[in-house]
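Within every chain, numbering begins at 1; the chains are lettered A, B, ... in the order of the sequence lines, protein sequences first and strands thereafter.
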2 protein chains.
Amino acid sequence: MKSRETADKRIVRVDLGNRSYDILIGSGLLQSAGGETLARLDCRKAAIITDTHVAPRYLDTLTESLQTDGIETFSLTLAAGEKTKSFENLHTAVDFILDARIERSDAVIALGGGVIGDLAGFAAAIVRRGVNFIQVPTSLLAQVDSSVGGKTGINTRQGKNLVGAFHQPHLVLADTDTLDTLTPREFAAGYAEVVKYGLIDQPDFFHWLEKNRKAVFSGGAERAEAIARSCAAKAAVVAADEHENGVRALLNLGHTFGHALERATSYDGARLVHGEGVAIGMVLAHEFSARMNLASPDDAKRVAAHLKDAGLPTTLGDIDGDLPPPDILMDAIGQDKKVKGGKLTFILTRGIGEAFIADDVPPSEVLAFLTEKQSQ
Amino acid sequence: MKSRETADKRIVRVDLGNRSYDILIGSGLLQSAGGETLARLDCRKAAIITDTHVAPRYLDTLTESLQTDGIETFSLTLAAGEKTKSFENLHTAVDFILDARIERSDAVIALGGGVIGDLAGFAAAIVRRGVNFIQVPTSLLAQVDSSVGGKTGINTRQGKNLVGAFHQPHLVLADTDTLDTLTPREFAAGYAEVVKYGLIDQPDFFHWLEKNRKAVFSGGAERAEAIARSCAAKAAVVAADEHENGVRALLNLGHTFGHALERATSYDGARLVHGEGVAIGMVLAHEFSARMNLASPDDAKRVAAHLKDAGLPTTLGDIDGDLPPPDILMDAIGQDKKVKGGKLTFILTRGIGEAFIADDVPPSEVLAFLTEKQSQ
Ligand SMILES: NC(=O)c1ccc[n+]([C@@H]2O[C@H](COP(=O)([O-])OP(=O)(O)OC[C@H]3O[C@@H](n4cnc5c(N)ncnc54)[C@H](O)[C@@H]3O)[C@@H](O)[C@H]2O)c1
Ligand SMILES: NC(=O)c1ccc[n+]([C@@H]2O[C@H](COP(=O)([O-])OP(=O)(O)OC[C@H]3O[C@@H](n4cnc5c(N)ncnc54)[C@H](O)[C@@H]3O)[C@@H](O)[C@H]2O)c1
Ligand SMILES: [Zn+2]
Ligand SMILES: [Zn+2]
């Protein structure tokens, strides 16, 4: 058994000098959390932050593994959902960590999806100006995206992720078993980010996904393969540009539109979850690129078809309920952080796997495009 | 006139690779804030954070200088005092900066003492994961200490400065004219930090201060000299150890006791301001070092005499009102962030200008010492 688990385990190394760290991907990793932690940190205590969906399923297993290895544990369970990424919960998390008297050499552990990872990571970044941080991502989105790269943050009334810190984890434990309890909708949402890596600069990976989508959804070797390739893709970009001054912006493919849609639906997860916003956003980015004569409209269609087959929304009309008018959507885009001196920075594309950073997109063109889309 | 100002202006460079910055010290610097900013940043907007004591005196001058140079300004005036360094005000400051739509290339400016500097700097660190930051320190303590080195933060119910970030300013403008409106008490409090630099590793500077104390208090060349020497001393330590993993801890001379006293007096500025806590703390550190047979008791007496001459408190008995019992003070010390695995880290000394980091101080010795001190 043990050797099978070891054989299954994939390791992706994120290369950041003295802040480099491992992403472990595989089955049964929750059970070895204590050992993996002590192999890397001289840690006496761990403050675990999790949510109400994840705690009943996985908190005991994680806690037991840590305690068996002599690590004292504390836990805080927050409400599940995007609204949890608030200033108020940041305060709650910080109080929890300080009350547990976590020292710089101890660890804060995020057990959950991207919401918990972003919130707990931010709290770990600012308590004592930075304590050790471990990600135990349990959603597909968190395993392939949010747990990698050190971005942490919360939402405010002005927009999403406008407040946060860069704080690299010391270890990421992506236990693929935990994905079995994810709803199909959440799994699909995470899959949108997997597709994103293909669309950015790996056309081969996109073609591989077109062929292997069903196997990735049903689990097994293809699923682990897709997660590892995604982590490696993100890790490479992060290593090249840790603080998002350059190429890292490519990871925002689909996200400027996506964030605006999330904002327009008041971060109401019943209407739209992050990965769904990204799916629609990626289709819009391809369509907008075609409209600007940068790419063929066929590519946009091919992307939309694949995402649709995966059960994802691909048009504004796929979102339940009314959307605000285009000028309000534009306002949401303007509040997004990728704005430089009035001009918009968008990730556009010349075709599948050929995304690029365009930092001089005229807002008027985007407004015209959105107006057209909403009237369809 | 202009040439006299230029002749008066001293520049201390803080050497941190691509995050290096200048500290300008001199008369009339508020009036040239716009020019000095644009010489360093491509900045369209500035969000100024200040307090109720400072705003009526200096906000207009600063605003005018920025606007004359074409920088759009916004301002937020918070209540003066240590209590302002709270989570709630952090939220207020962050909202203010986001509502002003400050981009990463714009600037947040702290106009005030260390409280405003720490709070505004922390807000600047976390908005968009870091926007440009300029310090315009107006208290002596802020000019010689808090505005230099990039530490930012707030207080929580668990203790002082337990939550924060490292965020280097892009420029520090220390206008010595602003010190004229400081109360004598606040001036003396800042002077405690000046003395600290002598006590750490510059016995010559301490002797110079013993001779020139009156001139430093009454203003003129000696005052500017003392500020510049202090900034240079701190800048050197910060350059050697930006993130407080080593020698930077020396700057905490007097601070472990000082913070505990501030906490014990509930950060009530009427009873004790930061520099006063540091003054008492430095005397206690010298006395404790003597008690541990590390230094001569005469040095402790000489330090106490100089601080007393400067109008500073030097004993626990000098604090108005009752202090909590020694075990509660110990608890406050234990919550201080310089704790490693149960043992206390203290800055102790072998004599004037010979401070060192002791990271294995037994809590029992400190408790016995405090018990003795409180019964005197
Ligand atoms: N930091 C980054 O670089 C980064 C990158 C991408 C996204 N994000 C952020 O990630 C968030 C979205 O992440 P998410 O989709 O994981 O959201 P999430 O954390 O809300 O998780 C989605 C839902 O799945 C539940 N869940 C998680 N794991 C489960 C499991 N194993 N079994 C059953 N239910 C489970 C959660 O409770 C939640 O209801 C957004 O806030 C987004 O901004 C951050
Ligand atoms: N970040 C760091 O490295 C660092 C270092 C040392 C201290 N600190 C922090 O600095 C704070 C103490 O700084 P402080 O003593 O400047 O406190 P402060 O900001 O409260 O200023 C002291 C008082 O002087 C007033 N004031 C300031 N400038 C004035 C002026 N020119 N004229 C009239 N009144 C003026 C203020 O309104 C306040 O009432 C503490 O919170 C401490 O933790 C931080
Ligand atoms: Zn995303
Ligand atoms: Zn101090």
Side-chain angles (χ1 to χ4, degrees), chain A residues 18-19 42-45 86-88 90-106 118 122-131 150-159 161-167 242-245 331 334-343 345, chain B residues 18-19 42-45 86-88 90-106 118 122-131 150-159 161-167 242-245 331 334-343 345:
Chain A
N18 63 353
R19 280 166 300 108
D42 179 20
C43 159
R44 290 154 196 260
K45 293 179 178 183
S86 67
F87 226 103
E88 289 67 28
L90 178 69
H91 198 166
T92 302
V94 160
D95 270 340
F96 159 67
I97 297 167
L98 285 172
D99 286 340
R101 295 195 170 209
I102 296 292
E103 300 180 11
R104 272 186 170 191
S105 55
D106 294 323
D118 279 10
F122 189 22
I126 64 176
V127 168
R128 300 177 195 278
R129 298 196 187 87
V131 298
K151 270 202 203 178
T152 70
I154 55 172
N155 305 321
T156 61
R157 63 174 161 72
Q158 295 89 356
N161 298 324
L162 289 175
V163 177
F166 287 98
H167 189 56
E242 189 177 358
H243 291 136
E244 195 168 18
N245 300 310
D331 197 55
Q335 261 296 341
D336 200 69
K337 64 190 156 315
K338 290 163 286 302
V339 180
K340 264 196 193 139
K343 292 267 179 175
T345 298
Chain B
N18 63 353
R19 281 167 298 107
D42 179 19
C43 160
R44 290 154 196 259
K45 293 178 179 185
S86 67
F87 226 102
E88 289 67 28
L90 178 69
H91 198 164
T92 301
V94 160
D95 270 341
F96 159 67
I97 297 167
L98 285 172
D99 286 340
R101 296 196 169 207
I102 296 293
E103 300 180 11
R104 273 186 169 189
S105 55
D106 294 323
D118 280 11
F122 189 21
I126 64 176
V127 168
R128 300 176 195 278
R129 299 195 186 88
V131 297
K151 270 202 201 176
T152 70
I154 56 172
N155 306 320
T156 62
R157 63 173 161 72
Q158 294 90 357
N161 297 324
L162 289 174
V163 177
F166 286 98
H167 190 55
E242 189 178 356
H243 291 137
E244 195 167 18
N245 300 310
D331 197 56
Q335 261 296 340
D336 200 69
K337 64 188 156 316
K338 289 163 286 302
V339 181
K340 263 196 192 140
K343 292 266 180 176
T345 297

Distance-only, no hydrogens or angles: does the Arg104(A) side chain make a donor-acceptor pair with backbone N or O of Arg128(A) under 3.5 Å?
->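 Between the backbone of Arg128(A) and the side chain of Arg104(A) there is a qualifying donor-acceptor contact (under 3.5 Å).
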Segment of Asp106(B) engaging chain A (4.5 angstrom heavy-atom cut-off) = neither
Answer with side chain, backbone, both or neither: which region of Leu90(B) has an atom nearer than 4.5 Å to a non-hydrogen atom of chain A?
-> both
Winner by heavy-atom pair count (cut-off under 4.5 Å) against chain A, out of Asp95(B), Thr156(B), Val127(B), Ile154(B) =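 Heavy-atom pairs under 4.5 Å are most numerous for Asp95(B).
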Listed partners of Phe96(A) passing ring pair (Phe, Tyr, Trp, His ring centres under 6.0 Å), at least two apart =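 Listed in chain order: nothing, the list is empty.
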Greatest number of heavy atom pairs closer than 4.5 Å to chain B - which of Ile126(A), Val163(A), Asp42(A), Ile97(A) = Ile126(A)
Partners passing side chain to side chain donor-acceptor pair (under 3.5 Å) against Asn155(A) (at least two apart in sequence or in another chain) |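 With sequence neighbours excluded, Asn155(A) shows a side chain to side chain donor-acceptor pair (under 3.5 Å) to Glu82(A), given in chain and number order.
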Quick one: do Asp331(A) and Arg101(B) make a salt bridge, cutoff under 4.0 Å?
->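 Counted as a salt bridge, because a side-chain N and a carboxylate O are separated by less than 4.0 Å.
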Interchain contact, Ala125(A) with chain B, by part (heavy-atom threshold 4.5 Å) |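 Backbone only.
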Could you tell me which non-hydrogen atom of Val94(A) sits nearest to which non-hydrogen atom of Ala123(A), and how far apart they are?
-> CG2-CB, 4.1 Å
